[in-house]
Colleague: 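This is the structure I want to talk about, given as structure tokens.
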Amino acid sequence: MSVTGSVNDEIADTVGGLRATFATGLTGPVEWRKRQLKALRRLLIDHEDVFAEALRADLAKGATESHVMELGYLVREIDHTLRHLDRWLRPARSAVPLSLMPSRASTVYEPLGTVLVISPWNYPMNLALAPVIGALAAGNCVVLKPSEVAPTTSAALAEWLPRVLDDRAVAVIEGGVPETTALLAQKFDHIFYTGNGVVGRIVMAAAAKHLTPVTLELGGKSPALVEPGADLATAARRIVWGKFMNAGQTCVAPDYVLAVGRAADDIQPHLVDAIRQMYTAEPKTSKDYGRIINQHHFDRLAPLLDDGRIVIGGQSDRSDKYIAPTVLADVDPDSRVMGEEIFGPILPIVRVPDLDAAIAFITARDKPLALYAFVASEQSKRRVTRETSSGGLTFGVPTAQLGVQGIPFGGVGASGMGRYHGLYSIDTFSHQKSILDKPLRPDTMRLTYPPFTRGKNRILRRLT
Ligand code: NAD
């Protein structure tokens, strides 16, 4: 949609149109929902090249990474949803207490109405469309506001979605702060926001005016806890893989290595080897290594390269928005690089003396979106599970939790609220309505009506 003249009026018209559509019941039938998902699936498969090209233009993403992390991922999410949707939507029966018999109790999923999805730039296809898949599967009308920071992908979404999805029920509104602000002034039935916590607070404050529920998928510093005795070569390879894909611009990337004792030294050569193996000695020329999204983020990241002893990397080129995969050792927990989420290809190693100190380090800070642990024993696993809180906890492999469709994805505390993927998206984008159906005859409620005789009193106390 091109925004000319009064941004507010155009946006109000679009949202009003979707609300009117929802009121007609168009989006309710499961067949309509499935048609939308299948059309989206076809688009992603038939025009993968269009979107892969957009991702390359915005983030220099390689085609394989784009497939695995974005386009193929979305197809899998659609397939999973199509496979299970009928079952998920089946009313769930519940037992009723003796005092209410005979009657039937059940819970049904009811679409919320018109929902707003605001997505970020780092996985600009995945994080825009994965919530849209859930919102449509749950029977809602949707406004998608892609990130203006990934402009080619945003334009591709605005061009292609209306061609394949029912434009009476789905709208893409491109733009930045003015457009999002105008959108947030509208009344929605749910707002699903992915991005940073500062804007998350703006979204939540705007939603509060209409009592609109929100899902906030935020970020934070996700640690990779490494214990001596773990297989450090494998741990290093997997940490490097999770950290440096998309040049570190992944919400669930390991933000830093929290190394117990000598693991802080022992893991360094393995990290160096892994970076060389995956991106060669000259990562700048690797077709699999991405770039920083823009100069603003480059300028935010470049000074962080000074916050520790460089083990590998450290090179940067502003004109190419390139920062080499970098590992920093001897990092002070109070340094800048440890202050904020890094969201770039810089991996600090912080040393702690033992597992107690590692757990204390984690719990003293904001609850992370993800906690990765490479530990040496089942006892350590149990301790980390019991004694820390994070959006997700993954042993042995970072970021891969996203590939498991049966588990929820979301943050806790500062890393967000709410969750999605698969059935959890249906939960997020539906109202779970309770239904109690009690026949009028016979009137077994008589016992509960006043006046309360001694006999009624005795029976009621036994039944309730
Ligand atoms: P971004 O700059 O693209 O912003 C996200 C969205 O907010 C965009 O659509 C943008 O237009 C909108 N926006 C920006 N400023 C606004 C304002 N003042 N008012 C209203 N809307 C506004 O992306 P970002 O925030 O830089 O994304 C990076 C952050 O997102 C990181 O913290 C990362 O960890 C987090 N993230 C979280 C997840 C997750 O799933 N939990 C996924 C990706 C990124």
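Throughout, numbering of the chain's residues begins at 1 and tracks the sequence. Counting starts at 1 for both ligands and their atoms, following the listed order.
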Colleague: Assess Tyr123 for proximity to ligand 1: is some non-hydrogen atom of it under 4.0 Å away?
Modeller: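 No, Tyr123 has no heavy atoms under 4.0 Å from ligand 1.
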Colleague: Is any N or O atom of Lys145, backbone or side chain, closer than 3.5 Å to an N or O atom of ligand 1?
Modeller: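 Indeed, backbone or side chain, Lys145 has an N or O that close.
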Colleague: Should we count CZ of Arg201 as having more than 12 external heavy atoms under 6.0 Å?
Modeller: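 Not buried by this count: 12 neighbours or fewer within 6.0 Å.
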Colleague: Pick out which of Thr394, Val384, Thr385 makes a side-chain contact (heavy atoms from CB on, under 4.5 Å) with Leu371.
Modeller: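 Going through the options one by one, the only one that passes is Val384.
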Colleague: Do other residues, nucleotides or ligands put more than 12 heavy atoms under 6.0 Å from Met204 CE?
Modeller: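 No, not enclosed.
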Colleague: Please determine if Arg163 forms a cation-pi arrangement with Trp160, meaning its NZ or CZ atom is less than 6.0 Å from the six-membered ring centre and no more than 45° off the ring axis.
Modeller: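 Yes.
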Colleague: Check whether any N or O atom of Gly195, backbone or side chain, sits under 3.5 Å from an N or O atom of ligand 1, and answer yes or no.
Modeller: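 Between Gly195 and ligand 1 (N or O atoms, distance only) the closest approach is under 3.5 Å.
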Colleague: Suppose we measure from atom 4 (O) of ligand 1 to each protein heavy atom; which comes out shortest, and what is that distance?
Modeller: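 The closest heavy atom on the protein side is Tyr193 OH, 4.4 Å.
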Colleague: So, Arg19 and Asp189, do they make that salt bridge, N to O below 4.0 Å?
Modeller: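 Looking at Arg19 and Asp189, the cut-off is met.
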Colleague: Could you tell me whether Ser119 approaches ligand 1 through its side chain, its backbone, both or neither, with non-hydrogen atoms closer than 4.0 Å?
Modeller: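 Under 4.0 Å from ligand 1, Ser119 contributes backbone atoms alone.
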Colleague: Give me the residue, atom name and distance of the protein heavy atom closest to atom 42 (C) of ligand 1.
Modeller: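 It is Cys251 SG, 3.0 Å.
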Colleague: Parallel, tilted or perpendicular for Tyr279 and Phe244, by the 30°/60° rule?
Modeller: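 Answer is perpendicular, since the angle exceeds 60°.
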Colleague: What residue and atom, counting heavy atoms only, is the protein's closest point to atom 1 (P) of ligand 1, and at what distance?
Modeller: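 Of the protein heavy atoms, Trp121 CD1, 3.4 Å lies nearest.
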Colleague: Do any nitrogen or oxygen atoms of Glu148 come within less than 3.5 Å of a nitrogen or oxygen of ligand 1?
Modeller: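 By distance alone, the answer is yes.
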Colleague: Closer than 4.0 Å to some heavy atom of Gly219 - which atoms of ligand 1 meet that?
Modeller: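 Near Gly219, the atoms of ligand 1 are 34 (O).
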Colleague: Which option, Val149, Val117, Thr180, Asn126, owns the non-hydrogen atom nearest atom 20 (C) of ligand 1?
Modeller: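 It is Thr180 whose heavy atom sits nearest to atom 20 (C) of ligand 1.
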Colleague: Are the aromatic rings of Phe343 and Trp121 close, with centres under 6.0 Å apart?
Modeller: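 Centroid separation for Phe343 and Trp121: below 6.0 Å.
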Colleague: Can you tell which of Asn294, Thr194, Asn196 gets a heavy atom nearest to atom 5 (C) of ligand 1?
Modeller: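 Heavy atom nearest to atom 5 (C) of ligand 1 belongs to Thr194.
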Colleague: Select one of side chain, backbone, both or neither to describe which atoms of Asn122 lie under 4.0 Å from any atom of ligand 1, heavy atoms only.
Modeller: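 The side chain, only.
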Colleague: Under 4.0 Å from a heavy atom of Glu217: which atoms of ligand 1 are those, numbered in the order shown and with their elements?
Modeller: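 This gives 37 (C), 38 (C), 39 (C), 40 (O), 41 (N) as the contact atoms.
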Colleague: The criterion is ring-ring contact (aromatic ring centres under 6.0 Å, His included); which residues satisfy it with Phe429, sequence neighbours excluded?
Modeller: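 Phe429 satisfies ring-ring contact (aromatic ring centres under 6.0 Å, His included) with His190, Phe192 only.
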Colleague: For the NZ atom on Lys367, are there more than 12 heavy atoms of other groups (residues, nucleotides or ligands in this structure) within a distance under 6.0 Å?
Modeller: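 Not buried by this count: 12 neighbours or fewer within 6.0 Å.
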Colleague: Using a strict cut-off of 4.0 Å, indicate which atoms of ligand 1 neighbour a heavy atom of Phe343.
Modeller: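 Near Phe343, meaning under 4.0 Å from one of its heavy atoms, ligand 1 has 28 (C), 31 (C), 33 (C), 34 (O).
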Colleague: So that I can tick it off, tell me whether Asp356 and Arg383 are bridged by a salt bridge, with the cut-off set at under 4.0 angstrom between side-chain N and carboxylate O.
Modeller: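 Salt bridge flag = yes for Asp356 with Arg383.
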Colleague: Enumerate the atoms of ligand 1 whose separation from the nearest heavy atom of Leu127 is less than 4.0 angstrom.
Modeller: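 Answer, ordered by atom number: 42 (C), 43 (C).
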Colleague: What residue among His431, Gln432, Lys433 forms side chain to side chain donor-acceptor pair (under 3.5 Å) with Glu110?
Modeller: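 Looking at His431, Gln432, Lys433, the match for Glu110 under the side chain to side chain donor-acceptor pair (under 3.5 Å) is Lys433.
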Colleague: Flag this pair as yes if the NZ/CZ of Lys321 is under 6.0 angstrom from the six-membered ring centre of Phe298 and inside a 45 degree cone about the axis; otherwise no.
Modeller: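 Because its charged atom misses either the 6.0 Å distance or the 45° angle limit, Lys321 does not stack over Phe298.
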Colleague: Can you sort out which atoms of ligand 1 are near Ile118, meaning under 4.0 Å from one of its heavy atoms?
Modeller: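 Result: 6 (C), 7 (O), 9 (O).
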Colleague: Indicate, as side chain, backbone, both or neither, the part of Val203 found under 4.0 angstrom from ligand 1 when only non-hydrogen atoms are considered.
Modeller: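 Neither; nothing of Val203 gets under 4.0 Å from ligand 1.
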Colleague: Give the contacting part of Thr250 toward ligand 1: side chain, backbone, both or neither, where contact means a heavy-atom distance below 4.0 Å.
Modeller: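 Neither part.
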Colleague: Could you work out, for atom 3 (O) of ligand 1, the closest of Ser147, Ala253, Ala370, Gly220 by heavy-atom distance?
Modeller: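 Checking each option, the heavy atom nearest atom 3 (O) of ligand 1 is found in Ser147.
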Colleague: Going by distance only, is there an N or O of Leu218 that falls short of 3.5 Å from an N or O of ligand 1?
Modeller: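 Yes; the residue has a nitrogen or oxygen that sits under 3.5 Å from a nitrogen or oxygen of the ligand.
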Colleague: For atom 13 (N) of ligand 1, tell me which residue out of Leu183, Leu144, Val199 has the closest non-hydrogen atom.
Modeller: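 When every heavy atom of Leu183, Leu144, Val199 is considered, Val199 comes closest to atom 13 (N) of ligand 1.
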Colleague: Give me the nearest non-hydrogen protein atom to atom 40 (O) of ligand 1 as residue plus atom name, then the distance to 0.1 Å.
Modeller: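 Looking at atom 40 (O) of ligand 1, the protein heavy atom closest to it is Phe409 CE2, 3.2 Å.
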